[in-house]
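One structure is given below, encoded as C-alpha cells.
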Amino acid sequence: MGSEDLDEAVEKVLNGDGLEVTSFDSVPEQLRPVALRKTVCYIVGAVIFNAKEEVLMVQEAKRECYGQWYLPAGRMEQGESIQEAVQREVREEAGVDCELVTLLLVQEQGPRWIRFTFLAEVTGGNLKTTAEADSESLQAQWWDRESPLPLRCQDILPLIDAGLKYRRKPWFPVCQPVDLPCEVVCQRLLLAFANPKNGDEESVWLLLGNHTVDTDVEMPPHLPVVVVTHSVTWAGQRLVKQCMASSYSALNVKVCGILGVQHNGRIHGKTDGLCFNTLVTLEYLDEGVAELHSPPPLESEGYRWHEVTNQSLRMNILQRIKDASVLPVHSLC
C-alpha cells in the first residue's frame with residue numbers, strides 16, 4: 001500500500017465508510033467466530049422525540065418489570081443488520097415506523113454484551129394502545145421527562161440527555177453501521193501520536209501494522225486490527241503494551257471514541273462479528289519527556305510509525321481529536 005493508498009484508507013475510516021477486515025494484527029491464543037445469542041449478545045435501542053421534545057417510551061409487558069417504562073429496546077435476532085433490529089423493536093414495542101438519524105452511543109461489557117443506541121425519528125404508524133397490548137409491550141406514550149413515571153431502570157436517562165444534546169447541536173458526524181462482514185468482535189485502531197515540532201505546527205504519527213499474525217510474510221502498511229477479548233476500550237491499551245512495552249508505563253493511552261461500526265450478520269455464526277474503527281491518542285505522561293517530539297520507540301518488527309505528511313489529512317485528524325468529534329463508547333466492565 002503506497003502513501004496515497006494509505007491516506008485514502010485513513011480518510012475512509014475517518015469518514016465512517018469502513019474497510020474490509022481481511023486479517024488481524026493481534027489475536028488471542030484461540031480464535032473462533034462469534035455467534036449471535038450464543039457467544040455474543042447485541043442490544044439495540046432508540047431515542048425518539050416529537051416536536052415538543054417529549055421522548056417515546058414503552059410500558060413493559062415482561063413479568064420482572066411489568067408496568068414499568070423504558071425506551072424501545074431489545075435483543076438483535078439472527079440474520080438482522082443493526083439498523084433492521086432497531087426498526088423492528090420500535091415497530092413491535094411502540095407501533096410506529098422510524099428512520100435512524102445516527103448512532104448515539106455504544107455501551108459494552110466486553111465482546112459478549114454490546115448495546116447500540118440510536119437517535120431516530122417517527123415516519124409512520126400509530127402509538128400502540130392498551131387495546132393492542134401483547135408480549136412485546138403494554139402501550140407506548142410520549143413522556144415530557146418531568147411527569148412522574150415508574151422507570152424500569154435509570155440507565156436510560158443519560159441516553160435521553162445525549163439524544164437531546166445531539167438533536168440541538170450535533171458534536172460528531174452522523175454515524176451509521178456499514179454493511180461489511182466480520183467473523184469476530186474486533187477493533188481497527190487509528191492510533192495517533194501528535195506533538196509540536198520545536199514550537200511549529202503539530203505533527204501527527206500513526207501506528208501501522210506491517211504483518212498479520214497468520215503469516216510471516218511482510219504486509220503492506222495498514223491500520224492495525226486487533227481482536228477484542230476483554231473490552232473495546234482496553235484493546236488499544238493491549239496493543240500499546242504489546243509493541244511499546246518499555247515505554248508503556250510512561251504513556252497515556254486515550255480512547256477518544258468510535259469513527260465507524262462495521263457489521264453484516266447475514267450468515268449466522270460466520271458474519272455475526274463487529275469491527276469498531278476507533279480513534280485512540282497516545283501521549284507522554286511526563287511533559288518533560290514530550291520535548292522529544294517523537295513517538296515512543298517500537299519493540300516489535302510488526303509495527304512502525306508513519307508521519308502524516310498530507311496536510312489536509314493531518315488537520316482532519318487533529319480537529320477530530322481536539323473537538324472529540326467521535327461516537328462515544330462506554331465500558332461497563
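- Within 6.0 Å of NZ in Lys62 there are more than 12 heavy atoms belonging to other residues, nucleotides or ligands.
- Within 6.0 Å of atom CZ in Arg37, more than 12 heavy atoms from other residues, nucleotides or ligands are found, so the atom counts as buried in its surroundings.
- The NZ atom of Lys254 sits 9.5 Å away from the CG atom of Leu279 when rounded to the nearest 0.5 Å.
- With Thr102 contributing its side chain and Leu104 its backbone, the two residues share no donor-acceptor pair below 3.5 Å.
- Note on Ile43: it clusters hydrophobically with Leu332, by side-chain heavy-atom contacts below 4.5 Å among ILVMFWY residues.
- Going from atom OG1 of Thr229 over to atom CZ of Arg238 covers 4.0 Å, rounded to the nearest 0.5 Å.
- Phe193 and Trp205 have tilted rings, their planes meeting at an angle from 30° to 60° on a 0 to 90° scale.
- In this structure, Tyr166 and Val174 approach most closely via the heavy-atom pair OH-N, 3.5 Å.
- A side-chain donor-acceptor contact under 3.5 Å links Ser231 and Glu108.
- The main-chain N or O of Ser312 is found under 3.5 Å from a side-chain atom of Asn310 such that the two form a donor-acceptor pair.
- One hydrophobic cluster holds both Leu159 and Trp143 under the rule that ILVMFWY side chains link at heavy-atom gaps under 4.5 Å.
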Kindly determine whether Asp134 and Lys128 satisfy salt bridge (Lys or Arg N to Asp or Glu O under 4.0 Å), including the steps that lead there.
-> CA-CA 10 Å; Asp134 55 21; Lys128 180 185 282 190; 2.9 Å; yes

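- Contact between Val225 and Ser23 at its shortest, heavy atoms only, is CB-O, 3.9 Å.
- Between the side chains of Gln187 and Thr278, at least one donor N or O lies within less than 3.5 Å of an accepting N or O.
- Although no hydrogens or angles enter the test, the distance criterion places no donor-acceptor pair under 3.5 Å between the side chain of Glu80 and the main chain of Gly265.
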Please assess Glu60 against Trp69 for the test side-chain contact (heavy atoms from CB on, under 4.5 Å), listing each intermediate value before the final yes or no.
-> CA-CA 6 Å; Glu60 296 283 9; Trp69 294 80; over 6 Å; no

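- Inter-residue side-chain proximity for Leu274 and Ile114 is flagged as met; some heavy-atom pair is nearer than 4.5 Å.
- Counting only heavy atoms from C-beta outward, the side chains of Leu71 and Val58 never approach each other to under 4.5 Å.
- Heavy-atom minimum distance, Trp305 versus Pro295: CE2-CB, 3.4 Å.
- Checking Gln262 against Arg188 by side-chain atom types alone, a donor-acceptor pair falls below 3.5 Å.
- Here the rule is side chain to side chain contact (heavy atoms under 4.5 Å, CB included) with Leu206, and of Ile317, Leu191, Leu189 only Ile317 fits it.
- Looking at Arg145, its side chain does come within 3.5 Å of a backbone N or O of Glu53 through a donor-acceptor pair.
- Residues Gln78 and His268 have side chains that bring a donor and an acceptor to within less than 3.5 angstrom of each other.
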Give the intermediate values and the outcome of side-chain contact (heavy atoms from CB on, under 4.5 Å) for residues Tyr303 and Asp25.
-> CA-CA 9 Å; Tyr303 303 92; Asp25 296 88; 3.7 Å; yes

May I have the step-by-step check of side-chain contact (heavy atoms from CB on, under 4.5 Å) for Leu151 and Leu149, ending in yes or no?
-> CA-CA 6 Å; Leu151 300 180; Leu149 195 70; 4.1 Å; yes

Please step through side-chain hydrogen bond (donor to acceptor under 3.5 Å, both in side chains) for the pair Glu299 and Ser246, ending with a clear verdict.
-> CA-CA 8 Å; Glu299 299 167 38; Ser246 298; 3.0 Å; yes

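- Put simply, the side chain of Gln319 does not reach to within 4.5 Å of the side chain of Ser325, judged on heavy atoms.
- In this structure, CG on Asp7 lies 14.0 Å from NZ on Lys12, to the nearest 0.5 angstrom.
- In Glu99, the CD atom is not crowded: 12 or fewer heavy atoms of neighbouring residues, nucleotides or ligands sit closer than 6.0 Å.
- To the nearest 0.5 Å, atoms CG (Leu190) and CD1 (Ile258) are separated by 13.5 Å.
- For Asp161, the CG atom is densely surrounded, since the number of other residues' heavy atoms within 6.0 Å is greater than 12.
- For the residue pair Thr123 and Cys98, the shortest heavy atom distance occurs at OG1-N, 3.6 Å.
- Nearest approach of Gln176 to Leu100, heavy atoms of both residues: NE2-O, 2.9 Å.
- The cluster map of Ile, Leu, Val, Met, Phe, Trp and Tyr, joined by side-chain heavy atoms under 4.5 Å apart, puts Leu164 and Val47 in the same cluster.
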Please step through salt bridge (Lys or Arg N to Asp or Glu O under 4.0 Å) for the pair Glu92 and Arg88, ending with a clear verdict.
-> CA-CA 6 Å; Glu92 290 176 349; Arg88 173 185 54 77; 3.1 Å; yes

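- Around the CZ atom of Arg75, the shell of radius 6.0 Å holds no more than 12 heavy atoms that belong to other residues, nucleotides or ligands.
- A donor-acceptor pair shorter than 3.5 Å can be found between the side chains of Asp155 and Tyr70.
- For Glu93 (side chain) and Val90 (main-chain N/O), no donor-acceptor pair under 3.5 Å exists by modelled atom type.
- Inspection of the His222 and Asn210 side chains reveals no N or O donor paired with an N or O acceptor under 3.5 Å.
- Taking hydrophobic clusters as Ile, Leu, Val, Met, Phe, Trp and Tyr residues chained together by side-chain heavy-atom distances below 4.5 Å, Phe116 does not share a cluster with Trp113.
- In this structure, CG in Leu14 is found 6.0 Å from CG in Leu259, a value given to the nearest 0.5 Å.
- A 4.5 Å side-chain heavy-atom check between Asp97 and Arg91 finds at least one atom pair inside the cut-off.
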Stepwise side-chain hydrogen bond (donor to acceptor under 3.5 Å, both in side chains) check, Gln59 with Ser137 = CA-CA 6 Å; Gln59 192 173 30; Ser137 65; over 6 Å; no

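- Counted by atom type alone, Ser26 and Gln242 present one or more donor-acceptor pairs between their side chains at under 3.5 Å.
- Between Arg314 and Gln311, the closest side-chain pair of non-hydrogen atoms falls below 4.5 Å.
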Step by step, work out the side-chain contact (heavy atoms from CB on, under 4.5 Å) result for Leu119 and Phe49.
-> CA-CA 9 Å; Leu119 179 64; Phe49 299 99; 4.0 Å; yes

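- At distances below 3.5 Å, not a single donor-acceptor pair connects side-chain atoms of Thr271 with backbone N or O atoms of Asn264.
- Relative to the six-membered ring of Trp142, Lys52 misses at least one condition, a distance below 6.0 Å or an angle of at most 45° to the axis.
- Taking both residues in full, the closest heavy atoms of Pro111 and Val40 are given as O-CG1, 3.2 Å, listed atom of the first, atom of the second, then distance.
- Under the 4.5 Å side-chain heavy-atom criterion for ILVMFWY residues, a single connected hydrophobic cluster contains both Leu157 and Phe118.
- Screening Gln68, Glu64, Met57 for a side chain to side chain contact (heavy atoms under 4.5 Å, CB included) involving Arg152 leaves a single residue, Gln68.
- For the atom pair Leu207 CG and Met244 CE, the distance stands at 5.0 Å (nearest 0.5 Å).
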Given side-chain hydrogen bond (donor to acceptor under 3.5 Å, both in side chains), test Gln141 with Gln139 step by step and report yes or no.
-> CA-CA 7 Å; Gln141 288 186 8; Gln139 62 175 316; 2.9 Å; yes

